Amino acid sequence: MGQDSKPTTPRVETAKVAWVTGASSGIGRAVVLRLAKDGWTVAASARNGEALAGLSADARGQIHAFPLDVTDKDAVLSTVPAIENMLGPIRLAVFCAGTYTRDYAKGFSSDVLAETIGINLIGTGHCLEAIMAPMVLRGAGHIGVTASVTGYVGLPGGASYGASKAALNSLCEALHPELAAKGVTLSIINPGFVETPLTARNDFPMPFIISAEEAAETIVAGLKTGRFEIIFPWKMALAIRFLHLLPHTLRFAITKRMLP
Ligand SMILES: NC(=O)c1ccc[n+]([C@@H]2O[C@H](COP(=O)([O-])OP(=O)(O)OC[C@H]3O[C@@H](n4cnc5c(N)ncnc54)[C@H](OP(=O)(O)O)[C@@H]3O)[C@@H](O)[C@H]2O)c1
């Protein structure tokens with residue numbers, strides 16, 4: 001490690017307190033449960049307060065509901081101090097809040113684009129803004145941002161969704177070196193297909209699909225390594241990286257088969 005990448009602030013060891021967004025269902029919920037099993041105290045956020053209350057009721061004090069809408073910047077900015085006042089400094093933040101609306105050139109609506117970017121990109125941006133400063137101040141912490149393999153290649157049906165996830169990959173790549181120099185680890189999580197309410201409405205074959213529990217297991221294990229990219233399952237990772245390497249003529253020859 002070069003001189004420039006050494007943390008400039010002394011590292012502060014804190015208790016195992018995590019903050020997870022998108023915690024009311026799917027991958028986020030499974031990550032909350034997996035972390036709790038590993039002995040973490042977890043602050044769980046999403047809009048559906050009832051689902052969060054259900055999660056915490058089953059967890060013997062380890063899971064705490066902090067309902068919020070990630071598009072509400074003030075709510076996000078005030079949630080981090082609220083969590084830290086109650087549970088202590090957040091050592092791990094995993095951002096899973098996200099939305100997906102299938103969209104094509106036919107019937108394309110910038111409203112769908114705005115909503116998708118608003119939740120997936122700007123909403124995650126609000127969470128990053130809220131958590132980066134306290135972690136940098138402590139010279140410690142780990143942030144995991146959930147994007148998608150669709151961030152690698154624009155796929156028919158995922159126009160707005162893929163754009164939001166490509167942007168998250170770029171955003172995190174840009175922030176990573178600076179945060180690393182301050183002692184804060186940033187990881188990008190790029191899942192392939194995972195069985196959740198988000199994919200339940202897909203009526204096309206979803207290759208290499210895995211359960212939310214398997215996804216959470218892989219995410220938590222990947223976060224433990226501290227590596228930048230957590231991409232899975234490996235067969236999907238291989239396929240999407242191959243597609244990404246192809247020239248556009250060949251890429252389009254493949255992706256046009258995904259048109260309805
Ligand atoms: N499933 C897949 O195949 C797959 C693949 C790659 C990436 N991903 C990504 O993984 C993440 C989790 O997706 P999932 O599949 O688990 O979907 P999901 O079951 O639909 O979960 C989405 C979560 O995001 C929360 N959320 C949505 N809008 C929000 C908002 N404005 N403010 C706060 N929370 C909000 C939802 O809770 P509320 O409705 O209660 O707010 C829910 O907890 C997403 O970022 C998704 O893009 C999923």
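FYI, the numbering just counts along the sequence from 1. Predicted model, so just to flag it, every value in this text is computed and none were measured. Numbering of ligands and ligand atoms starts at 1, following listing order.
- Residue G192 approaches ligand 1 through these ligand atoms, each under 4.0 Å from one of its heavy atoms: 3 (O), 4 (C), 5 (C), 6 (C).
- Annotation for ligand 1: atoms under 4.0 Å from non-hydrogen atoms of T199 are 1 (N), 2 (C), 3 (O).
- Residue contact check for ligand 1: D69 places a non-hydrogen atom closer than 4.0 Å to it.
- For E84, the side-chain hydrogen bond (donor to acceptor under 3.5 Å, both in side chains) partners two or more places apart in sequence, or in a different chain, are R138.
- Remark: ligand 1 atoms within the under-4.0 Å shell around heavy atoms of Y161 are 6 (C), 7 (C), 8 (N), 9 (C), 46 (C), 47 (O), 48 (C).
- Across E50, R47, M206, heavy-atom proximity to atom 30 (C) of ligand 1 is greatest for R47.
- Ligand 1 lies less than 4.0 angstrom from a heavy atom belonging to A147.
- Under the ring-ring contact (aromatic ring centres under 6.0 Å, His included) criterion, the residue pairs touching residues 158-178 are Y100-Y161, H176-F228, with sequence neighbours excluded.
- A side chain to side chain contact (heavy atoms under 4.5 Å, CB included) with I27 holds for exactly one of V194, L198, I189; it is V194.
- For ligand 1, the atoms sitting less than 4.0 Å from at least one non-hydrogen atom of F193 are 3 (O), numbered in the order shown with element in parentheses.
- In the vicinity of S148, heavy-atom distances shorter than 4.0 Å reach the ligand 1 atoms 6 (C), 7 (C).
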Test M132 against V184 for side chain to side chain contact (heavy atoms under 4.5 Å, CB included), laying out the working first. CA-CA 8 Å; M132 282 195 296; V184 177; over 6 Å; no
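- In the candidate list I122, T196, V32, T196 is nearest to atom 15 (O) of ligand 1, counting heavy atoms.
- For the pair K37 and E213, the salt-bridge criterion is not met [side-chain N within less than 4.0 Å of a carboxylate O].
- Protein heavy atom in closest approach to atom 37 (O) of ligand 1: S24 OG, 2.8 Å.
- Ligand 1 has no atom lying under 4.0 Å from any heavy atom of Y100.
- Taking both residues in full, the closest heavy atoms of V80 and P134 are given as CG1-CG, 4.2 Å, listed atom of the first, atom of the second, then distance.
- At least one N or O atom of V194 sits closer than 3.5 Å to an N or O atom of ligand 1.
- Looking at I219, L198, V70 and measuring to atom 20 (O) of ligand 1, the nearest heavy atom belongs to L198.
- Side-chain contact of N120 with S164: a donor-acceptor pair under 3.5 Å is present, judged by distance alone.
- Not a single heavy atom of F95 sits closer than 4.0 Å to an atom of ligand 1.
- Heavy-atom contacts of G26 reach the following atoms of ligand 1: 16 (O), 19 (O) (cutoff under 4.0 Å).
- Nearest protein neighbour of atom 35 (C) of ligand 1, counting heavy atoms only, is A97 CB, 3.7 Å.
- With ligand atoms numbered from 1 in the order given, ligand 1 contributes 9 (C), 10 (O), 11 (C) to contacts under 4.0 Å with heavy atoms of T146.
- Polar contact with ligand 1: present for G98 (N/O pair, distance under 3.5 Å).
- The CD1 atom of I131 sits 9.5 Å away from atom CG of L92, with the distance rounded to the nearest 0.5 Å.
- At least one N/O-N/O distance between S25 and ligand 1 falls below 3.5 Å.
- In terms of N/O distances under 3.5 Å, ligand 1 is approached by I27.
- Under the 4.0 angstrom criterion for non-hydrogen atoms, A215 is not in contact with ligand 1.
- A salt bridge does not link R47 with D72: none of the charged nitrogens is closer than 4.0 Å to a carboxylate oxygen.
- Those atoms of ligand 1 that come under 4.0 Å of a heavy atom in A23, given as number and element, are 43 (O).
- Heavy-atom minimum distance, N169 versus A147: ND2-CB, 3.4 Å.
- The closest approach between a heavy atom of C96 and any atom of ligand 1 is below 4.0 Å.
- Of the protein's non-hydrogen atoms, P191 O, 3.3 Å is the one closest to atom 6 (C) of ligand 1.
- The shortest separation from a heavy atom of T21 to ligand 1 is not under 4.0 Å, leaving the residue out of contact.
- The closest approach between a heavy atom of L68 and any atom of ligand 1 is below 4.0 Å.
- Protein heavy atom closest to atom 23 (C) of ligand 1, with residue, atom name and distance, is G22 CA, 3.6 Å.
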